[in-house]
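Written out below as structure tokens is the structure these notes cover.
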Protein chains: 2
Amino acid sequence: MSPAAPVEPKQSLTADAWAEAALEVIAQSGFDAVAVEPLARRLGVTKGSFYWHFENRDALLCAALERWERAETDDIVARIGPEPDPYQRIVKLFKAANASYRAGRLYLAIAAAEDKPMVQSFVRRVSERRMQYLFECYRALGFSEASAAHWARFAYATFMGNLQIGRDTPELMPTGAEFSEYVKLMIKVLIPREAPPDDDGDPPA
Amino acid sequence: MSPAAPVEPKQSLTADAWAEAALEVIAQSGFDAVAVEPLARRLGVTKGSFYWHFENRDALLCAALERWERAETDDIVARIGPEPDPYQRIVKLFKAANASYRAGRLYLAIAAAEDKPMVQSFVRRVSERRMQYLFECYRALGFSEASAAHWARFAYATFMGNLQIGRDTPELMPTGAEFSEYVKLMIKVLIPREAPPDDDGDPPA
DNA sequence: GTCTATCCATACGCTTGCGTATGGGGCAAG
DNA sequence: CTTGCCCCATACGCAAGCGTATGGATAGAC
């Protein structure tokens, strides 16, 4: 019932602080739940502060989305950047995908608001970048263009689906050792070490 | 700009018509977009009609969710019910999963509103029922309890992720023959005909 | 000390949507 | 014709949230 944690503004609020708070609300209650006045109460200030830092509500949402996109891009290169083996890169992606619960909720919440045109472009870029990264991993493993695209889509769909399951039915997502087995199974299946010899293999061109 | 299609109410409106219209709005604009007065305008009537059929807005949302759950349950048994082969049952599930675009959007939109306690139980039941169905398919294929749970979760995650990709980045989801190849690849990978002999196989107990 | 820019509070008007109260039109029963 | 019921329209009060206008407070510049 109490409005989360009405922190006192120890010093001047920055625009990034507003954007970060907006992302927090999005992760918790969805994109449409971002309102100026409740957010101000949450930060211990009033609207007067907000409309000094931002033009209007849409400007805040845009700033939050930019911050989100930047964080996603930084993560994908920072957490698994210096890894020469493409196999291990995909493995690390799997681990990282299920690592940050908040990041997963954020993606699902933002993607669920794709009817707003502003959101659509951000989600597209982030999603395309991730699948592109996976695509290059499979290419580096020796897959053809066509099969790499299929496997990258396949693997990415599994990422997304696991996020969804973890959010909607967390009791069906195992923990501990059983979860490790589950991840191991998916990695083993989604990263065939040698390309399959038949139709879905990798023809030279 | 125009409010969709303001149909004239040829005869008496039923509660189911309101629920169906609510589902349409959910699929198009998300769960929070369901408002009484816009919905009434959409149906060519006023609030006076609504509050005769329903106690309040929550009652409409509940009715819509019940209608959704019923439709999902009917679909899963009607579209692939009389199929003895568990392998073909999973294959049909894959086809059906990507068949109805609207059903996919509906699931994603409703699941994205799981912060509302009312929604959560519905999503849980539908999702658990689907995974249970998949689980039984894998069991019928000879998988152990543990591995069947893993493969069912794996396959369901892939379903969900493909829905998400098709909604967020439809240009990355192939069409026509290439889509068929994609589906064939997933089926081949997600339904190993003979259970693998090693660790993730199916020990007798 | 004064001045100015920065950051925020307060107060107001406006719109949208929820819920209620009340009345009215249509239609079948009597 | 009148009565009663079903379905809906109209009108109202209320709350929440957006955006604006304006003033106040604080801190550094000079």
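Between L13(B) atom CG and dC6(D) atom P there is a gap of 17 Å when expressed in whole angstrom units. Across the protein-nucleic acid pair, L43(A) atom CG and dA9(C) atom P stand 11 Å apart, rounded to whole Å. Nucleotide dC7(D) holds its P atom 13 Å from the CH2 atom of W18(B), rounded to whole Å. Here the C1' atom of nucleotide dT20(D) and the CZ atom of R57(A) are 18 Å apart, to the nearest Å. The separation between W52(B) atom CH2 and dC5(D) atom P is 12 Å, rounded to whole Å. Taking atom CG of D32(B) as the reference point, atom P of dG17(D) lies 12 Å away to the nearest angstrom. Whole-Å rounding puts the Y51(B) OH to dT20(C) C1' distance at 9 Å. Taking atom CG on L39(A) and atom P on dA16(D), their separation rounds to 17 Å, with Å as the unit.
Side-chain proximity of A35(A) to the nucleotides dC18(D), dA9(C), dT10(D) is greatest for dC18(D).
Annotation: F122(B) is not in aromatic contact with W68(B) [ring centroid separation under 6.0 Å not met].
Remark: H53(B) is not in phosphate contact with dC6(D), judged by side-chain N or O atoms under 4.0 Å from OP1 or OP2. The phosphate of dT16(C) (OP1 or OP2) has no side-chain N or O of R41(B) nearer than 4.0 angstrom.
Salt-bridge annotation for R67(B) and D16(B): present, with a side-chain N of the basic residue lying under 4.0 Å from a carboxylate O of the acidic one. Salt-bridge check for D32(A) with K116(A): passed, with a basic side-chain N closer than 4.0 Å to an acidic carboxylate O.
Taking for each of P38(A) and E37(B) the nucleotide of DNA chain D with the nearest heavy atom, the 5'-most of the two is the partner of E37(B).
The aromatic rings of Y156(B) and F159(B) sit perpendicular to each other, their planes meeting at more than 60°, with 30° as the lower class boundary.
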